[in-house]
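Working notes for the structure below.
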Amino acid sequence: MEQVTSKQPINGSNKKHQNNINNAFASHYAKSMFIAISGLAILTFIGTRMFTHVDLNLYGYMVGTIVFLGGFFYRFIAWGERPPTKIMIKKGIKLLFRKSTPKTSVDHLATYKFIWNRGIYRWTQHVMIGWGCLLACAVTFPLVFSWMYFTMEENGMYTIVLFGMDLMVVPADGAIAFLSYNALNISAIMVIIGVCMALYRRLKNMQARAEQQLFYDFLPLYLLLFISITGLLLTVINVFLHGKGHYVMSLIHQFSVIVTLIYLPFGKLAHIPFRPLSVFARNYREHYGEKEMKECKVCGTEFVSTEQSNDVINVLGTNNIEFNMNDGFNLAELCLPCRRKYRIARFSGSPTHQVPVKEANQNAKG
Amino acid sequence: MTMTINDSTYTTETAKTKRRLYMELENCIGCRSCLAACTQCGGHEQRNRNYVYDVNPLVNRQTMPLMCLHCVDPACARSCPAQAIQIHETGAVLSALVEKCIGCQNCTIACPYGIPKFDEEENLMYKCDLCIDRTKDDIPPMCASVCPSNTLQWLTEEEIAEKQNRHDLDNEKWVTSMPYLEGETNVKVNLPGILQGTVKLF
């Protein structure tokens, strides 16, 4: 911990400036909230051409987003204050410009390669849900804050306006226009397919059934399904029912979205904003692994980076946990097999960890 | 005053009903049934999460099992940047939540017993969760339910106390967390020597 704090001044060249800003706020939370809402307001000011194109039909989402930000910062800051998280975030930001970052980010955050390795079925459902939600967010939030809107200056031609700039003019019955109108329908169908796959797996797969919980594992799926179905129903109402009941359904849909947004930072869905930390973790392991590896104090195998071994010892120290042994090492300096053997040695009294024999048959395969 | 009475009734109640994993290390015959059983637990995806070690492999055939001892203040959870390791209300320290684990492997370095396993391909840590789908309903964990030599048992605190009375060894070899472990644990371990040479009938 102390190491990290002492490194901070070297890092931030504009330290003095930062301190001045920090002094203006009562807390981390207040600062984050202020910056986020100011940012939103400025972007909206620009995007709406000085508030001349606000879609007031969507103002409920606007309020919902701001409430969501409150919960999100509360959760994120509380989480970031934990000693191990703090280290990972600080060092992760420092290592953000590694050569491998783009590849790792794509693997972890876009193509979900690690989920592919957990099973193709799970990967498919996750891609459907994940990318469906991302697509929906990418369309919804710009519309809510009027960062993107459509105008028809010439009959039959739509102008797409992005952040107050005319991005392009497209024919109203063309392909781009079609995809724009139906982006949310496409994302809804993706999410419905993904959620149905996930629900089917949770009902049928015995491995999943053993540990799942109604409110932790099912509730987020039901919420996503609720959003997608009510959203899709809006289209159904417009296309097949001449808009009958559109008003009520749009309120129900708005309700479903806002409830999910507010819930998001606190349940299973919290992994969406927190997941980029896995890129930090991978960079951390790769960078410090290349720098210097720790040799096991018993068998000499290189098993982890020296940095990580020290970080873990320090983090445990902040929690008043300390594993310095009388035999002259910290337990975090032993490789895993040696650490297990050392424990057996403590139990039995004979020095198992010093017998140079590989651990036998640990996989129950006869 | 009332508080104290309530508290004491509460503790005797829990002592009668609360069961723990209890290990009599000396009984282990090295059959590795516990490893095989572990693979069959729901949620373990066919992979075992416990270990059996030869104590002095070049000299004799004595073995001992080792698994997560479910620390009261678990170092793995303390070192996890993602809060992926949760502690169940029964005291079991659960395996990493799959959606939260970021694959930093801090837990494997922090654990004083070297228990957590890591899957590089899936970028995911997995460890003994005391078969939580079973033990939350007071069904013994897989390893304890198959152990043929009573090395692993699922006992109430009262039963453990009874055992302690029966084996009054006066040689520090009784069920212990400390000083042979690094902190208070929910699994109770009993050091070799408790049988003092008595022949045990399985």
Side-chain angles (χ1 to χ4, degrees), chain A residues 79 82-89 108 114-115 117-118 206-211 268 270-271 274-275 277-278 280-282 284-285 304 308-309 311-312 315-316 319 321 323 331-332 334-350 352 355 357 359-364, chain B residues 25 32 34-39 41-45 47-48 51-59 62 64 66 73 75 78-83 97-106 108-117 119 121-124 129 132-133 180-183 189 191-192:
Chain A
W79 177 70
R82 302 175 68 253
T85 320
K86 211 169 187 173
I87 290 182
M88 201 57 83
I89 291 176
H108 284 197
F114 59 101
I115 304 183
N117 295 331
R118 293 174 196 178
M206 291 311 224
Q207 298 292 336
R209 277 170 59 170
E211 289 176 342
K268 196 174 193 179
H271 78 275
F274 296 167
R275 194 69 213 183
L277 202 69
S278 73
F280 289 11
R282 176 58 59 91
Y284 171 86
R285 281 188 65 84
V304 74
Q308 189 171 6
S309 175
D311 278 347
V312 169
V315 161
L316 293 181
N319 287 299
I321 301 178
F323 295 142
L331 285 175
L334 299 192
C335 72
L336 285 118
C338 285
R339 221 182 300 159
R340 294 190 285 262
K341 286 182 192 166
Y342 177 72
R343 189 53 43 186
I344 297 290
R346 289 289 294 272
F347 287 156
S348 67
S350 48
T352 310
V355 182
V357 172
E359 44 182 0
N361 185 18
Q362 295 298 344
N363 53 19
Chain B
L25 293 173
R32 286 158 171 85
C34 48
L35 304 188
C38 187
T39 63
C41 184
H44 287 198
E45 311 265 359
R47 292 183 297 191
N48 64 301
Y51 308 85
V52 172
Y53 273 92
D54 294 315
V55 174
N56 203 349
L58 302 178
V59 177
Q62 177 67 54
M64 281 182 193
L66 186 65
D73 187 8
R78 290 285 186 194
S79 70
C80 177
Q83 280 181 321
L97 290 170
V98 287
E99 82 281 2
K100 276 195 183 167
C101 178
I102 57 167
C104 69
Q105 301 175 44
N106 267 2
T108 63
I109 306 304
C111 174
Y113 314 119
I115 302 299
K117 295 184 169 191
D119 188 319
E121 295 292 304
E122 299 184 8
N123 201 32
L124 179 66
D129 54 0
I132 196 62
D133 61 315
Y180 297 91
L181 300 178
E182 302 309 323
V189 183
L191 297 181

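Any value given below was found using the heavy atoms of this structure, including those in side chains, with hydrogens, waters and symmetry copies removed. Naming: A, B, ... by sequence-line order, numbering from 1 per chain.
- Looking at A/R118, the atoms closer than 4.5 Å to chain B (heavy atoms on both sides) sit in the backbone and in the side chain alike.
- At distances below 3.5 Å, at least one donor-acceptor pair connects side-chain atoms of A/R339 with backbone N or O atoms of B/T108.
- Contact annotation for B/D119: neither backbone nor side-chain heavy atoms come within less than 4.5 Å of a heavy atom of chain A.
- Ranking A/P337, A/S278, A/A208 against chain B, the residue ahead of the rest is A/S278, based on heavy-atom pairs under 4.5 Å.
- Of all heavy-atom pairs spanning A/S350 and B/V55, the tightest one is OG-CG1, 3.2 Å.
- Contacts between B/V59 and chain A at a heavy-atom distance below 4.5 Å are absent for every atom of the residue.
- Looking at A/L277, the atoms closer than 4.5 Å to chain B (heavy atoms on both sides) sit in the backbone and in the side chain alike.
- Of the inter-residue distances, the one linking A/N319 atom CG with B/D73 atom CG reads 7.0 Å to the nearest 0.5 angstrom.
- Proximity to chain A (any heavy atom under 4.5 Å) is shown, for B/C34, by neither the backbone nor the side chain.
- Judged by distance alone, with hydrogens and angles left aside, the side-chain atoms of A/Q362 form a donor-acceptor pair with the main-chain N or O of B/V52 at under 3.5 Å.
- Both the backbone and the side chain of B/D54 come within less than 4.5 Å of a heavy atom in chain A.
- Under the ring pair (Phe, Tyr, Trp, His ring centres under 6.0 Å) criterion, A/F114 pairs with A/H108, not counting sequence neighbours.
- Taking CZ of A/R275 as the reference point, atom CD1 of B/I102 lies at 7.5 Å (rounded to 0.5 Å).
- A 4.5 Å side-chain heavy-atom check between B/M64 and A/R343 finds every atom pair outside the cut-off.
- One distance of note links CZ of A/R82 with OG of B/S79; it measures 8.5 Å at 0.5 Å rounding.
- For a residue to count as touching a neighbouring chain, one of its non-hydrogen atoms must lie under 4.5 Å from one of that chain's; by this rule B/Q105 touches chain A with backbone and side chain alike.
- Proximity to chain B (any heavy atom under 4.5 Å) is restricted, for A/R282, to the side chain, taken from C-beta onward.
- For A/Y284, the ring pair (Phe, Tyr, Trp, His ring centres under 6.0 Å) test picks out A/Y288, with sequence neighbours left out.
- Among A/S309, A/A281, A/G349, the residue with the largest count of heavy-atom pairs under 4.5 Å with chain B is A/A281.
- Residue with the most contacts toward chain A among B/A75, B/P112, B/P116, B/P57: B/P112 (heavy-atom pairs, distance under 4.5 Å).
- The residue among A/E359, A/H271, A/R285 with the most heavy atom pairs within less than 4.5 Å of chain B is A/R285.
- In plain terms, the two heavy atoms of B/I132 and A/E211 that are nearest each other are CG2-OE2, 4.3 Å.
- In this structure, A/M206 CE and B/E45 CD are separated by 13.5 Å, a value rounded to the nearest 0.5 Å.
- Using a 4.5 Å cut-off between heavy atoms, B/L25 contacts chain A through its side chain alone, with no backbone atom that close.
- When the candidates B/A37, B/C41, B/C80 are compared by the number of heavy-atom contacts under 4.5 Å with chain A, B/C80 comes out ahead.
- In this structure, A/Q207 contributes its side chain and B/G42 its backbone to no donor-acceptor pair below 3.5 Å.
- Neither the backbone nor the side chain of B/C38 has a heavy atom closer than 4.5 Å to any heavy atom of chain A.
- From A/L336, atom CG reaches atom OH of B/Y51 across 7.0 Å, with rounding to the nearest 0.5 Å.
- The closest side-chain heavy-atom distance from B/N106 to A/M88 is below 4.5 Å.
- The minimum heavy-atom distance between B/D133 and A/A210, with the atom names listed, is CB-O, 3.0 Å.
- Between the side chain of B/R78 and the backbone N or O of A/V315 there is no donor-acceptor pair closer than 3.5 Å.
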Report the C-alpha separation of A/N363 and B/L35 in whole Å, then their side-chain angles, then the decisive distance to 0.1 Å, and conclude whether the side-chain contact (heavy atoms from CB on, under 4.5 Å) test is met.
CA-CA 7 Å; A/N363 53 19; B/L35 304 188; over 6 Å; no
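- Between the side chain of A/T352 and the main chain of B/N56, no donor-acceptor pair closer than 3.5 Å is present.
- Atom OH in B/Y53 sits 12.5 Å away from atom CZ in A/F347 (nearest 0.5 Å).
- With a 4.5 Å cut-off on non-hydrogen atoms, A/R340 touches chain B through its backbone and its side chain both.
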